[in-house]
Amino acid sequence: MRFATVVVIGGGQSGLSAAYHLRRKGFASALERSERSFVVLDASPAPGGAWRQRWESLRMATVNGIFDLPGFAKPPIDPDEPSRDAVPRYFRTFEDAADLPILRPVRVSAVRDDDPDLIVETDDGPWRTRAIINATGTWTNPVLPHYPGQETFTGTQLHTRDYVSAEHFAGQRVAIVGGGISAVQQLEEISRVATTFWYTRREPDFRDGEFDSEAGREVVAEVAADVEAGRPSGSIVSYTGLGWSSYALAAHRRGALQRRPMFTRIEPRGLREADGTFTPVDAILWATGFRPALTHLDPLGLHNELGGIQVRGTQVVADPRVHLIGFGPSQSTVGANRAGRDAATALARYLREPVVT
C-alpha cells in the first residue's frame with residue numbers, strides 16, 4: 001500500500017491551489033517517498049477538472065470569471081474561445097510550471113478510517129494517509145428531480161452537464177427547468193432556435209445593481225454561517241440571486257424570460273401544467289444544478305442530524321483529518337484558491353502535533 005502524508009482528492013482549481021500551497025509548506029511529492037509528502041488523485045483523464053465537460057457554446061466572455069491560480073496569472077484569453085478549451089489549457093500550463101505530483105485518471109471510491117490514518121480506496125489501488133483535502137466539486141453529482149410520469153416521456157431528457165449546444169434543439173419545443181445561472185444561459189441560447197418554456201419552483205430573483213465586492217463578502221458570510229452551523233448549504237444563486245447579465249437581458253428582450261410555475265406531471269408527449277392545461281414539448285432540459293460530490297466520504301460518517309457537514313474554515317468538525325475545499329463558501333474560483341491555501345496551512349500545523357492514541 002502506498003503512503004502520502006496528505007492526499008488531495010480532485011485536480012480542479014481548488015485541488016491545484018491546495019497542492020501549490022502544500023509545496024510551499026514543505027511537503028514533497030509522494031512519488032519520491034519523502035517523509036512529509038502529498039499526492040493529488042484526479043479522476044479526470046487530463047488537466048482542467050469539470051471545465052473539460054462544459055457545454056460547447058460557453059465562451060470565456062460569458063463565464064462568471066476565472067480567478068488566477070496562485071502565483072500564476074492567466075495569459076490573455078480570447079473572449080470568444082470556448083471555456084472548455086481555454087481553462088484546461090491554463091490549468092495544464094500551471095501544473096507543468098508548479099511540478100505537482102498528480103496521478104490521473106484515478107477515481108476514489110471510498111475513504112475509510114484506520115485510526116490514526118485514513119485509507120483512500122481507488123481504482124488504482126489504496127493509499128494510506130494522515131489527512132485528506134477533498135476537492136471533488138459538484139459536477140459529478142447533478143441534481144435530477146423526479147416528477148410523476150417522467151419515465152413515460154417519449155422525447156429527450158437531459159441535464160445541464162449533458163448539454164452541448166442549442167443547435168441540437170433547432171425547431172423543437174423545449175422545456176427548461178431551473179432558476180439558476182446555467183438555466184438562464186441555456187434558455188437564452190436555445191430560445192434563439194427553438195420555442196422554449198421556462199419552469200422554476202419559485203419566482204426567479206433578479207437582483208438590481210452590480211454584484212460588488214461588498215455583496216460578495218455578505219454572500220460568503222451567509223454560506224459560511226450555514227456550513228459552520230452544520231446546515232446543508234443551498235446553491236450559490238439561492239444566496240446571490242440572478243444578475244442582469246448580457247444573456248439574461250438578451251433573453252428578456254426576446255420574451256424568453258416568461259417563467260411558468262412547475263408542472264404537476266410529465267406525460268408521453270408533454271407537460272401537465274399547474275392550471276391543468278397541457279403543453280406539448282419535444283425535450284426537457286433539467287438545469288437543476290448540482291450538489292457536492294462527497295459519497296466517497298460516506299464511510300467516515302461526516303453528516304450530522306441536519307443532513308449537513310459541519311466545518312470550521314475548511315476542517316470538518318467531526319474529523320479533523322478531513323478538509324473540504326470548493327465546498328460551501330469556497331465554491332467560487334477565488335474562494336477555491338483561498339480554501340486551498342487555508343487547508344494546506346491548517347494541515348501543516350495539525351500534522352506537526354503529536355498523534356493522540
Single-linkage hydrophobic cluster [X]~[Y], side-chain heavy atoms < 4.5 angstrom:
| X | Y | result |
| --- | --- | --- |
| Val317 | Val322 | no |
| Phe169 | Ile266 | no |
| Leu187 | Leu271 | no |
| Met60 | Val184 | yes |
| Leu22 | Leu351 | yes |

With sequence neighbours excluded, what pairs up with [X] under the side-chain hydrogen bond (donor to acceptor under 3.5 Å, both in side chains) test?
| X | result |
| --- | --- |
| Asp85 | none |
| Ser83 | none |
| Thr277 | Asp275 |

To the closest 0.5 Å, what do you measure between [atom1] ([X]) and [atom2] ([Y])?
| X | Y | atom1 | atom2 | value |
| --- | --- | --- | --- | --- |
| Asn141 | Leu294 | CG | CG | 8.0 Å |
| Arg130 | Leu118 | CZ | CG | 10.0 Å |
| Leu31 | Ser37 | CG | OG | 9.0 Å |
| Ser17 | Asp342 | OG | CG | 9.0 Å |
| Tyr163 | Trp55 | OH | CH2 | 8.5 Å |
| Ser14 | Arg338 | OG | CZ | 14.5 Å |

Does a donor on one side chain and an acceptor on the other come within less than 3.5 Å for Arg272 and Thr264?
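No, Thr264 and Arg272 have no side-chain donor paired with an acceptor closer than 3.5 Å.
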
Test item: side-chain donor near acceptor, Glu95 and Tyr20, under 3.5 Å:
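No, because no side-chain N or O of Glu95 sits under 3.5 Å from a partner of the opposite role on Tyr20.
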
State, yes or no, whether a side-chain contact exists between [X] and [Y] at a heavy-atom distance under 4.5 Å.
| X | Y | answer |
| --- | --- | --- |
| Val111 | Arg321 | no |
| Arg128 | Phe3 | yes |
| Val8 | Val39 | no |
| Tyr90 | Pro75 | yes |
| Pro261 | Tyr199 | no |
| Gln13 | Phe91 | yes |
| His21 | Pro70 | yes |
| Ile132 | Val6 | no |

Per-pair distances, 0.1 Å, donor-acceptor, side chain in residues 296-307, under 3.5 Å, sequence neighbours excluded:
from   : atom 1 : to     : atom 2 : distance (Å)
His296 : NE2    : Asn134 : OD1    : 2.6
Asn304 : OD1    : Leu306 : N      : 2.9
Asn304 : OD1    : Gly307 : N      : 3.1
Asn304 : OD1    : Gly308 : N      : 3.0
Asn304 : ND2    : Gly230 : O      : 3.0

Where do Arg84 and Leu58 land on the side chain to side chain contact (heavy atoms under 4.5 Å, CB included) test, with the steps shown first?
CA-CA 8 Å; Arg84 69 181 191 180; Leu58 184 63; over 6 Å; no

Shortest non-hydrogen contact from [X] toward [Y]:
| X | Y | value |
| --- | --- | --- |
| Pro88 | Pro47 | CB-O, 3.4 Å |
| Val40 | Ala19 | CG2-CB, 3.7 Å |
| Trp127 | Ala30 | CZ3-CB, 4.1 Å |
| Asp42 | Gly11 | OD1-N, 3.2 Å |
| Ala346 | His323 | CB-CE1, 3.6 Å |
| Gly179 | Trp198 | CA-CZ2, 4.4 Å |

Counting only heavy atoms not in [X], do more than 12 fall under 6.0 Å of its [atom1]?
| X | atom1 | answer |
| --- | --- | --- |
| Arg104 | CZ | yes |
| Arg201 | CZ | no |
| Arg23 | CZ | yes |

Tell me whether [X] contacts the main-chain N or O of [Y] through its side chain, where contact means a donor paired with an acceptor under 3.5 Å.
| X | Y | result |
| --- | --- | --- |
| Thr93 | Arg89 | yes |
| Glu121 | Ser109 | no |
| Ser245 | Ala248 | yes |
| Gln150 | Tyr147 | yes |

Would you sort out whether Arg107 and Thr122 count as a side chain to side chain contact (heavy atoms under 4.5 Å, CB included), showing the intermediate values?
CA-CA 5 Å; Arg107 186 172 300 278; Thr122 83; over 6 Å; no

In chain order, what residues pass the salt bridge (charged side-chain N to carboxylate O under 4.0 Å, His left out) check against Arg192, with sequence neighbours excluded?
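Listed in chain order: Glu188.
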
Apply side chain to side chain contact (heavy atoms under 4.5 Å, CB included) to residues Asp96 and Arg92 and explain how you reach the verdict.
CA-CA 6 Å; Asp96 292 343; Arg92 181 183 300 109; 4.1 Å; yes

Within 45 degrees of the axis of the six-membered ring of Trp139 and under 6.0 Å from its centre: does Arg52 put its NZ or CZ there?
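Judged by the rule (NZ or CZ under 6.0 Å from the ring centre, within 45° of its axis), Arg52 is not positioned above Trp139.
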
According to the interplanar angle, ranging from 0 to 90°, do the rings of His252 and Trp244 count as parallel (below 30°), tilted (30 to 60°) or perpendicular (above 60°)?
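His252 and Trp244: perpendicular rings.
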
Ile133 and Ile9: side chain to side chain contact (heavy atoms under 4.5 Å, CB included), yes or no, with the steps?
CA-CA 6 Å; Ile133 298 176; Ile9 305 174; over 6 Å; no

Listing, residues 278-293 side-chain donor-acceptor contacts under 3.5 Å, not counting sequence neighbours, or none:
from   : atom 1 : to     : atom 2 : distance (Å)
Thr279 : OG1    : Arg260 : NH1    : 3.2
Thr279 : OG1    : Glu273 : OE2    : 2.6
Asp282 : OD2    : Arg173 : N      : 2.8
Trp286 : NE1    : Gln157 : OE1    : 3.0
Thr288 : OG1    : Val143 : O      : 2.6

The test is side chain to side chain donor-acceptor pair (under 3.5 Å); show your working for Thr5 and Arg36 and say whether it passes.
CA-CA 6 Å; Thr5 313; Arg36 278 169 57 88; over 6 Å; no

